[in-house]
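Everything numeric here is computed off the predicted structure, so don't read it as measured data. First the proteins, then the strands, lettered A, B, ... as listed; each starts at 1.
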2 protein chains.
Amino acid sequence: MGANRAYHHGDLRAALIAASFDLLAEQGLQRFSVAAVARRLEVSSAAPYRHFPDRNHLLSAVSAAAARDLNAAILAAAEAAGDDPAERLAAAAGAYVRFVTRTGAGLPVIYAAELYEVADEARREHTRALMTTMLDLAAATETASYHDTVLLLEASIAVAHGYATLHSQGFFARNDTSVDTIAARAVEAARTLHPSPRMR
Amino acid sequence: MGANRAYHHGDLRAALIAASFDLLAEQGLQRFSVAAVARRLEVSSAAPYRHFPDRNHLLSAVSAAAARDLNAAILAAAEAAGDDPAERLAAAAGAYVRFVTRTGAGLPVIYAAELYEVADEARREHTRALMTTMLDLAAATETASYHDTVLLLEASIAVAHGYATLHSQGFFARNDTSVDTIAARAVEAARTLHPSPRMR
DNA sequence: GTCTATAATAGGATAGAC
DNA sequence: GTCTATCCTATTATAGAC
């Protein structure tokens, strides 16, 4: 690189979002900070504030990108799973585990309460599309009512999210920690779920 | 109260642990700080350090108490569930959801990686007893092998933890947020789990 | 056993130079 | 569009008074 080392980026905004994913995946939302993202990109701690007015606006952009990418990952997994609606829903659970492990941006990040006050139309659209995708997958199974559909979806999400967070927090560390193994178990557990008459 | 208002506590150590639970339940591990616990008890920020050498030792004591109480809650729930091993295991999932909602100290707090370096024999014993309880509940069901037992336990924990964290992070806020409802759903979902031949 | 006071560190955010 | 410099706030942890 012949140029001097001032002014590092062509697209710092995009780089900030990408680096935020890395930071979230490595250290979780607990230790996420704007300053740490800036350090990682070797820009000053003030630089991010040229692109996002505050921390929550950066996180909102991360949320939007995560919703968009998770939506795509779930659709791809469902597609690959074939035609059986139950298989497609279970496959989505596996996609969720993989996505959270890779990006650190699961549903609690995507739908974080602190982002509600941020005006961000892109995020709103992507999160709504994601929810629609998930509800459609659940609705395609043989559920008797919309209420049952929601319950089945919640249970599937709970299974996937439970496996994902326990894995990323090292709870399964003793044994086999591979993402593939954990994702497969989440798929298998999601497969056994049924909307039962008692589940109301 | 006739006495002057200096020197607030007879048993600050116990009060610190109790207040830590409240703080965890209200704000999560993300915002846990020794200073906040001290503020809550209206003692100086230095006072906790007379009882715990550092933050992790306080968290270790919280972990020990949580492991002990969760163990008791799970045993009580299993007892109340009757004799069917599958029912007893499912009931444990419900107890877990209630416990985490009430205390904020779930398995990721109890088994937090940062506590591994803390020498705390009481914690070690309580966490081991908890693990034994959970494994026993899973082993009593009709699993073909120890491996199946572990898989069933992991799946049950994942379901319970997923419901608990999504609930405490407000993901279910739109609809019915009562703990009873969420716990009942976790029990129902856990009931449907089976160690399947594919789950390996 | 708890207090006040303080040091060290880190993060969020802003002002103004270039 | 990014930098340096700075302010404010919060947290961990320690020293020494009472």
Side-chain angles (χ1 to χ4, degrees), chain A residues 1-20 22-24 26-63 104 109 112-115 117-120, chain B residues 1-20 22-24 26-63 109 112-115 117-119:
Chain A
M1 288 185 179
N4 207 337
R5 56 184 79 176
Y7 288 33
H8 294 71
H9 285 94
D11 191 353
L12 181 56
R13 189 192 148 91
L16 285 166
I17 294 172
S20 294
D22 294 344
L23 193 62
L24 284 170
E26 286 169 28
Q27 312 204 319
L29 185 58
Q30 314 204 6
R31 297 202 177 150
F32 177 87
S33 77
V34 180
V37 177
R39 263 197 307 277
R40 178 169 295 245
L41 292 174
E42 296 182 300
V43 296
S44 80
S45 64
Y49 292 93
R50 285 289 122 184
H51 298 273
F52 301 98
D54 58 29
R55 173 197 152 101
N56 278 349
H57 278 80
L58 169 54
L59 281 176
S60 181
V62 171
S63 164
V109 170
E114 55 208 290
L115 303 183
E117 60 200 25
V118 176
D120 182 341
Chain B
M1 292 185 179
N4 207 337
R5 55 183 82 173
Y7 288 33
H8 294 70
H9 285 97
D11 192 353
L12 181 55
R13 190 192 148 90
L16 286 165
I17 295 172
S20 294
D22 294 344
L23 192 63
L24 285 169
E26 285 169 29
Q27 311 203 317
L29 186 58
Q30 314 204 8
R31 295 197 180 156
F32 178 88
S33 78
V34 179
V37 177
R39 263 198 307 279
R40 177 169 296 245
L41 291 174
E42 296 183 301
V43 295
S44 80
S45 64
Y49 292 92
R50 285 288 123 183
H51 298 274
F52 301 99
D54 60 30
R55 174 198 152 100
N56 278 349
H57 279 80
L58 169 54
L59 281 176
S60 182
V62 171
S63 163
V109 170
E114 55 208 290
L115 302 184
E117 61 201 25
V118 177

For B/Ser44, enumerate each residue passing the side chain to side chain contact (heavy atoms under 4.5 Å, CB included) test, keeping only those at least two apart in sequence or located in another chain. B/Ala46, B/Ala47

For the backbone of A/His57 and the side chain of A/Asp54, can you confirm whether one donor and one acceptor N or O come within less than 3.5 Å of each other? yes

Closest non-hydrogen contact found for A/Asp22 with A/Arg40 is CB-NH1, 3.6 Å

Within the 4.0 Å heavy-atom criterion, would you say B/Arg39 contacts the bases, only the backbone, or no part of the nucleic acid? sugar-phosphate

Proximity to DNA chain D (any heavy atom under 4.0 Å), residues of residues 48-63 of chain B only: B/Tyr49, B/Asp54, B/Arg55

Just to be sure I understand the rule, does A/Ala36 reach a base, reach only the sugar-phosphate, or reach nothing, if contact means heavy atoms closer than 4.0 Å? nothing

Whole Å only: how far is the CG atom of A/Leu23 from the C1' atom of C/dG11? 13 Å

How many whole angstroms separate atom CG of A/Leu12 from atom C1' of D/dC3? 12 Å

Taking atom CD of B/Glu42 as the centre, does the number of heavy atoms from other residues, nucleotides or ligands within less than 6.0 Å exceed 12? no

Report the distance from atom CZ of B/Arg31 to atom C1' of D/dT12, rounded to the nearest whole Å. 19 Å

Just call it for B/Ser33: base, sugar-phosphate, or nothing, with non-hydrogen atoms closer than 4.0 Å on any strand. sugar-phosphate

Roughly how far apart are A/His51 NE2 and A/Leu16 CG, rounded to 0.5 Å? 6.5 Å

Show, in sequence, the C-alpha distance, side-chain angles and deciding distance for B/Leu58 and B/Arg55, and conclude whether the side-chain contact (heavy atoms from CB on, under 4.5 Å) test is met. CA-CA 5 Å; B/Leu58 169 54; B/Arg55 174 198 152 100; 5.9 Å; no

Side chain of A/Ala47 (C-beta onward), nearest among D/dT12, D/dT2, C/dG11: D/dT2

